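First the structure, in the form of structure tokens, and then the observations on it.
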Amino acid sequence: MGTGNFETTIGLEVHVEMQTNSKLMSPSPVHYGDEPNENTNVIDFGYPGVLPVANKGALEFGMRAALALHATVSPFIRWDRKNYFYPDNPKAYQTTQSQTPLGTNGYLDVQLEDGRVKRVRIKELHVEEDAGKNTHGTDGYSYVDLNRQGTPLIEIVSEADIASPEEAYAYLEQLRQTILFTGISEAKMQEGQMRADVNISLRPYGSDQYGTKVEMKNINSFNYVRNALYFEEKRQAEVLRAGGVIQQETRRYNEPTKSTILMRVKEGADDYRYFPEPDLAPVVIDQAWIDKVAAELPKSAAERQHDYVTNLGIEPYDAEVLTQTLAMANFYDATVAAGADAKRAANYLIGDVNAYMNKHQVELSETQLTPEHLAGMIRLIESGTISTKQAKQVFEAIMTGEEPEAFAKKHGLVQISDPAVLLEWITTVLDANPQSIEDFKGGKDRATGFLIGQLMKMSKGQANPGIMNKMLLEELAKR
């Protein structure tokens, strides 16, 4: 891709907040949406004399991401300080891994819209702290919330292998799904759990020199990333065509105008004055530790899709829908493991369960549905104990935590399919209605309708209609 005579080069640095129980260097809990400054302590506030302790779980989550992206996990890690002053960073430095990143030389294979698969190389992945959050009020004050301060991030730095805004979008989608299926983060863009810094430069076709790059920081929507790149691609091409020079600068994306705005000119790694963190010991990672983390890594979306299509006979499109989130895929696996028919379970999750979640604006984990209850309802349908029509009532009940079989029995929804019981009812009804037998033999269709009505009344609507109809016709033929 490119613009006119220019070739576009894009690299992305993606930050993902990891869902550990506590922060990277402090015991404060990691929660989204709590009251400002509720999840903090003296370490987060940067008090003099406090000492950090590295979170082992955060390193293991980082290792999961590295393994999922085919990166080499470093055998030795040293923590570094990245120094900068900002109101949401009370220590005036961020603990990171500058010199010894946790993972190096990985890659991600990205499915593009035109059917091609593009391999984007991952230069490095490192674990670091998130900063707090500034809110600029309309009352002339700025407010600092340090709940997010110290939340563990994994930063994933791609090589400049991306050649268009569309490829960047596809890379982010594929990366998000890969991260989701490691179980380390829900990667919700709207909650700031996944953010991208974007580097873009243009160069004339055939040139072996990269152009001067422009950076845009902390964009928290895939669409915004794509739009920012469209605008920047066009802007840089116009400057270059007019004989101008691109400055190394940081720009900000402005969504209402879909344009980028200059923030500051040129900053380099030297500005951050990196140096080894004196308060933390280095970490040695042996192969046994890597193997342990690899064993705990959930199956990827691609592996699950292959399993669903090959082993369970699910349609490829349905397999894709089931693997949109790790929660849905895990729920599906558990439902099938609990004895549900694979196709029916897929249909219910993709159809009724998704519709319920959309209607009530809830996540799957926020409903009271369990895999065992969904499987139990499906078994009731498969065995003919309830009809698909009755299943609608049972479905509503299991979404609010009811046990399917108990609910069906309590509300008289259980179908009776036992031939011995049905035959007894049929015999009783036929003996009591000799005229209807004559009418049936005379070719009057109304007669069977009348007899079925009598049978449904006798069974209080619980006779299995399919089996009962078949048996009634067999008995009529014998009379």
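The structure displayed is predicted, hence computed values, not measured ones. Counting from 1, the numbers follow the sequence of the chain as shown.
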Will you find, in the side chains of [X] and [Y], an N or O donor that is under 3.5 Å from an N or O acceptor?
X: R64; Y: T182; result: no
X: S98; Y: T96; result: no
X: E255; Y: Y253; result: yes
X: E129; Y: T95; result: yes
X: T212; Y: Q248; result: no

Practice problem: Report the relative orientation of the aromatic rings in Y332 and Y308; use parallel for angles under 30°, tilted for 30 to 60°, perpendicular for over 60°. | Solution: perpendicular
Any Lys/Arg nitrogen of [X] or [Y] sitting under 4.0 Å from an Asp/Glu carboxylate oxygen of the other?
X: E405; Y: K409; result: yes
X: R226; Y: E166; result: no
X: E232; Y: K234; result: no
X: E277; Y: R81; result: yes
X: D44; Y: K23; result: yes
X: R148; Y: D88; result: no
X: E13; Y: K217; result: no
X: K292; Y: E296; result: yes
X: K133; Y: D145; result: no

Quiz prompt | Residue pairs passing the side-chain hydrogen bond (donor to acceptor under 3.5 Å, both in side chains) test where at least one lies in residues 342-357, sequence neighbours excluded | solution =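 Of all non-adjacent pairs touching residues 342-357, those that pass side-chain hydrogen bond (donor to acceptor under 3.5 Å, both in side chains) are R344-E382.
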Could you list the donor-acceptor pairs under 3.5 angstrom formed between side-chain atoms of residues 316-327 and any protein atom two or more places apart in sequence or on another chain?
unit_1 : atom_1 : unit_2 : atom_2 : d
T323   : OG1    : Q305   : NE2    : 2.8
T323   : OG1    : A319   : O      : 2.9
T323   : OG1    : E320   : O      : 3.1
Q324   : NE2    : E320   : O      : 3.2
T325   : OG1    : M328   : N      : 3.1

Please check this pair: side chain of [X] against backbone of [Y], looking for a donor-acceptor N/O pair closer than 3.5 Å.
X: R235; Y: Y230; answer: no
X: E303; Y: S300; answer: yes
X: N147; Y: N37; answer: yes
X: E249; Y: V214; answer: no
X: S74; Y: F76; answer: no

[X] [atom1] to [Y] [atom2] distance, which is reported to the nearest 0.5 Å:
X: S26; Y: F45; atom1: OG; atom2: CZ; answer: 10.5 Å
X: I381; Y: I386; atom1: CD1; atom2: CD1; answer: 5.0 Å
X: D109; Y: L69; atom1: CG; atom2: CG; answer: 10.5 Å
X: L12; Y: D197; atom1: CG; atom2: CG; answer: 9.0 Å
X: F231; Y: K258; atom1: CZ; atom2: NZ; answer: 12.5 Å
X: K91; Y: N83; atom1: NZ; atom2: CG; answer: 10.5 Å

Considering all heavy atoms, the nearest [X]-[Y] contact:
X: G103; Y: A66; result: CA-CB, 4.4 Å
X: Q111; Y: A170; result: O-CB, 4.1 Å
X: A187; Y: S185; result: N-OG, 2.9 Å
X: R78; Y: T100; result: N-OG1, 2.7 Å
X: H373; Y: P404; result: O-CG, 3.4 Å

Quiz prompt | Pi-cation contact, Y272 with K82 (under 6.0 Å, within 45°) | solution = yes
Quiz item: Looking at Q193, E155, R195, which hits side chain to side chain donor-acceptor pair (under 3.5 Å) with H15?
Solution: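 Output: one option passes, namely E155.
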Self-check item: Side-chain touch R304/N330, heavy atoms, less than 4.5 angstrom
Solution: yes
Practice problem: Show your working on side chain to side chain contact (heavy atoms under 4.5 Å, CB included) between Q97 and W79 and close with a plain yes or no. | Solution: CA-CA 5 Å; Q97 294 165 352; W79 298 97; 3.6 Å; yes
Quiz prompt | Verdict with reasoning, Y169 to E113, per side chain to side chain contact (heavy atoms under 4.5 Å, CB included) | solution = CA-CA 11 Å; Y169 187 90; E113 276 200 347; over 6 Å; no
Self-check item: Audit row: D307, K299, salt bridge (Lys or Arg N to Asp or Glu O under 4.0 Å) steps and yes/no
Solution: CA-CA 10 Å; D307 280 356; K299 267 187 177 177; 2.4 Å; yes
Self-check item: Test log, rule side chain to side chain contact (heavy atoms under 4.5 Å, CB included), inputs N55 and S22
Solution: CA-CA 8 Å; N55 181 343; S22 55; 3.5 Å; yes
